[in-house]
Amino acid sequence: MAIEWILAFLALGLFAGFMAGLLGIGGGGIMVPMLTTIFLAMGLTAEHVVHLALGTSMAAIVMTSISSMRAHHARGGVLWPVVKSMAPGVIIGTFAATFLAAKISAQHLAIFFALFMGYVALNMLRPKKAAPAEPKAVGKVELATVGGGIGAVSALVSIGGGSLTVPYLSWRGIALKNAIGTSAAVGLPISLAGALGYLLQSQPGQDLPFAVGMVYLPGVLLMSAASFITAPVGAKLAHKLPVATLKKVFAVLLILLSLKMLLSVL
């Protein structure tokens, strides 16, 4: 791999890890559009770049998911019974959706990604509603079913599911601290099932050394190592920087990156 691509993957991992730690948002929203740009610059055809970006991003967030889960568990923020109930649905939904992604065109995947990130950005821009005072009873069947839906969407846009899991758990009356911590723990089976599913896919016509299925292994290693370094830095600065303002800036960045990816493959 040429030195410029090594530096590009490292820089992307550093930035995505820092923003994930600072704002509590998975790196997929940044990684996927930027990986699409990198793969196009490397000479891959537009027909394959979005699939490869999704799989590579999903595999890269495994390490950050582990780090985030451990941090929230140490602070007592994870509701493990909820995680246990959601996990089967999450794993099945995420894994199955990778096979669906393999059959969807790059253009349609890019449109879905852009629309979803637009939804995420709008949620970041609007004022937060207070969670209900009393938790609502949530059955295991509901948690597993919702987990399946969250997993499926997460696989199609390569995220850890936080933008869906946290609002759902908050709506169910779970305190925000526990909703975020539980979501972080749910993000691990999402990233593992998604990474495995994308590794098992095939990309006919793709001429890229060290790519397995829809995952570019050198990119995964470089981004994982870089994000592992900067995610704790971002988390520490979260208490010192104006996070509310930064979230608004980041929301605009998400929209611009999504539009850029969309224009790259249409």
Side-chain angles (χ1 to χ4, degrees), residues 16-17 19-32 57-58 60-95 97 116-117 119-124 126 128-132 135-136 138-140 142-195 227 231-232 234-235 238 243-244 247 250-251 254:
M19 296 307 292
L22 180 66
L23 303 179
I25 298 166
I30 299 171
M31 287 186 189
V32 173
S57 173
M58 183 62 83
I61 64 177
V62 170
M63 287 304 298
T64 52
S65 295
I66 293 173
S67 177
S68 178
M69 179 190 71
R70 291 180 63 186
H72 285 287
H73 172 67
R75 292 173 174 81
V78 181
L79 300 178
W80 288 108
V82 175
V83 176
K84 183 179 178 181
S85 296
M86 293 185 73
V90 159
I91 292 170
I92 293 171
T94 305
F95 188 73
F116 183 81
M117 286 304 155
Y119 155 78
V120 172
L122 288 175
N123 272 346
M124 292 172 67
R126 68 186 183 186
K128 299 296 181 185
K129 295 180 180 179
K136 303 174 185 177
V138 188
K140 292 183 178 180
E142 177 185 332
L143 287 172
T145 303
V146 171
I150 290 173
V153 174
S154 298
L156 292 174
V157 293
S158 190
I159 59 172
S163 56
L164 296 172
T165 308
V166 173
Y168 166 71
L169 294 178
S170 296
W171 172 66
R172 274 311 198 173
I174 292 174
L176 184 59
K177 172 190 172 183
N178 295 118
I180 293 173
T182 304
S183 173
V186 169
L188 180 57
I190 287 177
S191 61
L192 287 172
S227 64
V243 172
K247 280 195 173 184
F250 187 71
L254 280 181

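All residue numbers refer to positions in the sequence shown, counting from 1. Small disclaimer: the values here were computed from a predicted structure and weren't measured.
Here Ala251 pairs with Ala121, Met124, Leu125 under the side-chain contact (heavy atoms from CB on, under 4.5 Å) rule; sequence neighbours left out. In this view, Phe116 and Tyr119 satisfy the ring pair (Phe, Tyr, Trp, His ring centres under 6.0 Å) rule, not counting sequence neighbours. With sequence neighbours excluded, no residue forms a side chain to side chain donor-acceptor pair (under 3.5 Å) with Ser154. Partners of Ser227 according to the side-chain contact (heavy atoms from CB on, under 4.5 Å) rule, which considers only residues two or more places apart in sequence or in another chain, are Thr64. Among residues two or more places apart in sequence or in another chain, the side-chain contact (heavy atoms from CB on, under 4.5 Å) test is passed with Ser183 by Thr165, Val166.
Residues Ile61 and Gly160 approach most closely at CD1-N, 4.0 Å, considering heavy atoms. Contact record, Arg75 with Lys177: O-NZ, 3.2 Å, taken as the closest heavy-atom pair. For the pair Ala184 and Met69, the tightest heavy-atom approach, listed with the atom from each and the gap, is O-CB, 4.1 Å. For Pro167 against Ser163, the heavy-atom pair with the smallest separation is CG-O, 3.2 Å.
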Show your working on side-chain contact (heavy atoms from CB on, under 4.5 Å) between Ile174 and Tyr168 and close with a plain yes or no.
CA-CA 9 Å; Ile174 292 174; Tyr168 166 71; over 6 Å; no

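To the nearest 0.5 Å, atoms CG (Leu156) and CE (Met58) are separated by 8.5 Å. Atom CG of Leu122 and atom CE of Met117 lie 12.5 Å apart (nearest 0.5 Å). Rounding to the nearest 0.5 Å places OG of Ser65 at 8.0 Å from CD1 of Ile190. Ile150 contributes atom CD1, which lies 7.0 Å from atom CG of Leu169 (distance to the nearest 0.5 angstrom).
Looking at heavy atoms from C-beta onward, Phe250 lies out of side-chain contact with Val120 at the 4.5 angstrom threshold.
A donor-acceptor pair is defined here as one N or O able to donate and one able to accept, closer than 3.5 Å; such a pair exists between the side chain of Ser191 and the backbone of Leu188.
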Extract all donor-acceptor atom pairs below 3.5 Å that involve side chains of residues 79-94 and protein atoms in other chains or at least two apart in sequence.
residue, atom, partner, partner atom, Å
Trp80, NE1, His73, ND1, 3.1
Ser85, OG, Pro81, O, 3.1
Thr94, OG1, Val90, O, 2.7
Thr94, OG1, Gly151, O, 3.3

